[in-house]
Amino acid sequence: MLLVILCLCCILFAFGCTAAPSTNSSVTPSVAPATPAWFDMELTDAQTGETFTMNDYAGKVVLLETMAIWCPNCVVQANEIRNLHEALGNPEDLISVSLDVDINEGGDSLKEYAYGYGFDWHFAVAPLEVAHELGNLYTAQYLNPPLSPMLIIDRDGNVHHLEYGFKDAETLQKAVEPYLAQ
């Protein structure tokens with residue numbers, strides 16, 4: 001029943017709501033607090049079994065995408081994340097996190113997905129509390145993986161929205177480079 005409600009909410013938001021206001025830049029600053037509660041919530045890397053929080057990456061730049069295994073857009077977007085890291089020379093201060101927001105998917109299937117496509121960054125299943133926070137702070141569209149929702153968390157812990165929709169490696173590079181330069 002919860003899945004049905006979640007799916008209906010995603011559909012309503014996808015077709016009935018407008019995206020966050022757009023600016024000339026591909027990044028829109030967040031109005032959320034600088035250190036949201038979900039930064040302290042533990043996530044488990046599906047590939048390594050190690051736990052981490054967003055706060056573990058303070059002082060680094062984090063590129064976070066919400067995704068689901070069943071989402072074909074997510075695979076395409078993840079390949080662009082890989083291309084971004086390669087284009088930048090795999091900088092140690094750029095951390096990517098792919099957060100599975102489908103409550104029906106688990107760590108084992110996410111691990112198989114990440115290994116199957118050769119993705120080598122953090123993949124974690126979002127605990128319900130984290131998904132709830134993402135939806136409340138940044139809009140429910142962050143729970144709709146086909147929209148390719150992504151956030152950049154800068155070195156100071158400020159959250160910045162990227163425009164919804166597919167972003168190629170060049171677009172991602174233009175979005176993250178200013179934060180890497182800080």
Side-chain angles (χ1 to χ4, degrees), residues 1-17 19-20 36 38-39 41-54 56-57 61-87 90 94-153 159 161-169 171-172 175-176:
M1 182 66 176
L2 180 59
L3 178 61
V4 172
I5 292 170
L6 183 61
C7 288
L8 287 174
C9 288
C10 289
I11 290 168
L12 287 174
F13 280 107
F15 293 106
C17 294
W38 69 274
F39 278 29
M41 296 179 189
E42 278 195 352
L43 302 169
T44 302
D45 186 307
Q47 297 182 85
T48 65
E50 296 175 9
T51 60
F52 66 96
T53 69
M54 291 296 108
D56 291 343
Y57 301 112
V61 176
V62 177
L63 179 64
L64 182 133
E65 71 159 334
T66 58
M67 51 79 62
I69 293 169
W70 53 262
C71 170
N73 294 352
C74 300
V75 174
V76 175
Q77 187 64 74
N79 277 310
E80 293 302 312
I81 293 170
R82 177 183 15 229
N83 294 341
L84 166 71
H85 281 272
E86 289 172 2
N90 295 308
L94 176 61
I95 307 298
S96 287
V97 177
S98 293
L99 198 56
D100 191 330
V101 293
D102 185 328
I103 61 171
N104 294 308
E105 295 177 353
D108 290 340
S109 56
L110 187 58
K111 178 179 181 176
E112 184 178 314
Y113 171 89
Y115 277 134
Y117 286 105
F119 301 140
D120 61 356
W121 56 89
H122 293 296
F123 276 78
V125 175
L128 195 53
E129 299 83 14
V130 172
H132 185 259
E133 287 281 319
L134 290 170
N136 282 338
L137 290 173
Y138 314 116
T139 77
Q141 292 168 329
Y142 278 86
L143 304 177
N144 188 356
L147 291 177
S148 299
M150 298 177 89
L151 300 170
I152 295 174
I153 304 169
V159 178
H161 299 273
L162 291 174
E163 291 183 19
Y164 297 110
F166 174 76
K167 293 158 278 301
D168 62 20
T171 301
L172 291 172
V176 265

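Position 1 is the first residue of the sequence; numbering continues from there. Below, each value reflects all heavy atoms present in this structure, side chains not excepted, and no hydrogens, waters or symmetry copies.
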Legend entry - Polar side-chain atom of Lys167 near backbone of Ser148 as donor-acceptor pair, under 3.5 Å: yes
Inset, instruction - Could you tell me which non-hydrogen atom of Leu43 sits nearest to which non-hydrogen atom of Pro127, and how far apart they are? - result: CD2-CD, 3.4 Å
Legend entry - Test side chain to side chain contact (heavy atoms under 4.5 Å, CB included) applied to Tyr115 - qualifying residues, sequence neighbours left out: Gln47, Lys111
Inset, instruction - Heavy atoms only: give me the nearest Gly135-Leu143 pair and the separation to one decimal. - result: CA-CD1, 4.3 Å
Inset, instruction - Begin from the C-alpha positions of Glu50 and Thr44 and carry the test side chain to side chain contact (heavy atoms under 4.5 Å, CB included) through to its verdict. - result: CA-CA 6 Å; Glu50 296 175 9; Thr44 302; over 6 Å; no
Legend entry - Stepwise side chain to side chain contact (heavy atoms under 4.5 Å, CB included) test for Thr171 and Glu163: CA-CA 10 Å; Thr171 301; Glu163 291 183 19; over 6 Å; no
Can I get a per-line list of side-chain donor-acceptor pairs under 3.5 Å for residues 64-75, giving both atom names and the distance, sequence neighbours left out?
residue: Glu65; atom: OE2; partner: Ser98; partner atom: OG; Å: 2.7
residue: Thr66; atom: OG1; partner: Tyr142; partner atom: O; Å: 2.8
residue: Trp70; atom: NE1; partner: Asp102; partner atom: OD2; Å: 2.6
residue: Asn73; atom: ND2; partner: Pro146; partner atom: O; Å: 2.8

Inset, instruction - Check whether any side-chain heavy atom of Leu84 sits under 4.5 Å from a side-chain heavy atom of Leu94, and report yes or no. - result: yes
Legend entry - Partners passing side chain to side chain donor-acceptor pair (under 3.5 Å) against Asn136 (at least two apart in sequence or in another chain): His132
Legend entry - Side-chain heavy-atom pair Leu63, Trp121 within 4.5 angstrom cut-off: no
Inset, instruction - Anything under 30° is parallel, anything over 60° is perpendicular, the rest tilted; go ahead and classify His122 against Tyr57. - result: tilted
Inset, instruction - Can you sort out the partners of Glu42 under side chain to side chain contact (heavy atoms under 4.5 Å, CB included), two or more places apart, ordered by chain and number? - result: Thr51, Thr53
Legend entry - Shortest non-hydrogen contact from Ala175 toward Ile152: O-CD1, 3.7 Å
Legend entry - Minimal non-hydrogen separation, Gln77 against Phe166, with atom names: OE1-CA, 3.5 Å
Legend entry - Working for side chain to side chain contact (heavy atoms under 4.5 Å, CB included), residues Met54 and Val130: CA-CA 11 Å; Met54 291 296 108; Val130 172; over 6 Å; no
Legend entry - Those residues that, when tested against His85, pass ring-ring contact (aromatic ring centres under 6.0 Å, His included) (two or more places apart): none
Legend entry - Nearest atoms (heavy-atom pairs only) where Phe52 meets Asp56: CA-OD2, 3.2 Å
Inset, instruction - List the atom of Val159, the atom of Pro36, and the distance in Å for their closest heavy-atom pair. - result: CG2-CG, 4.4 Å
Inset, instruction - Check whether any side-chain N or O of Asp45 sits under 3.5 Å from a backbone N or O of Thr48 as a donor-acceptor pair, and report yes or no. - result: yes
Inset, instruction - Report the C-alpha separation of Leu172 and Asn83 in whole Å, then their side-chain angles, then the decisive distance to 0.1 Å, and conclude whether the side chain to side chain contact (heavy atoms under 4.5 Å, CB included) test is met. - result: CA-CA 10 Å; Leu172 291 172; Asn83 294 341; over 6 Å; no
Legend entry - Distance, nearest 0.5 Å, that separates CD1 of Ile95 from CD1 of Ile153: 11.0 Å
Inset, instruction - Calculate, to the nearest 0.5 Å, the distance between atoms CG and CG belonging to Asn90 and Asp120 respectively. - result: 7.0 Å
Legend entry - With sequence neighbours excluded, residues passing ring-ring contact (aromatic ring centres under 6.0 Å, His included) with Tyr117: Tyr113, Phe119
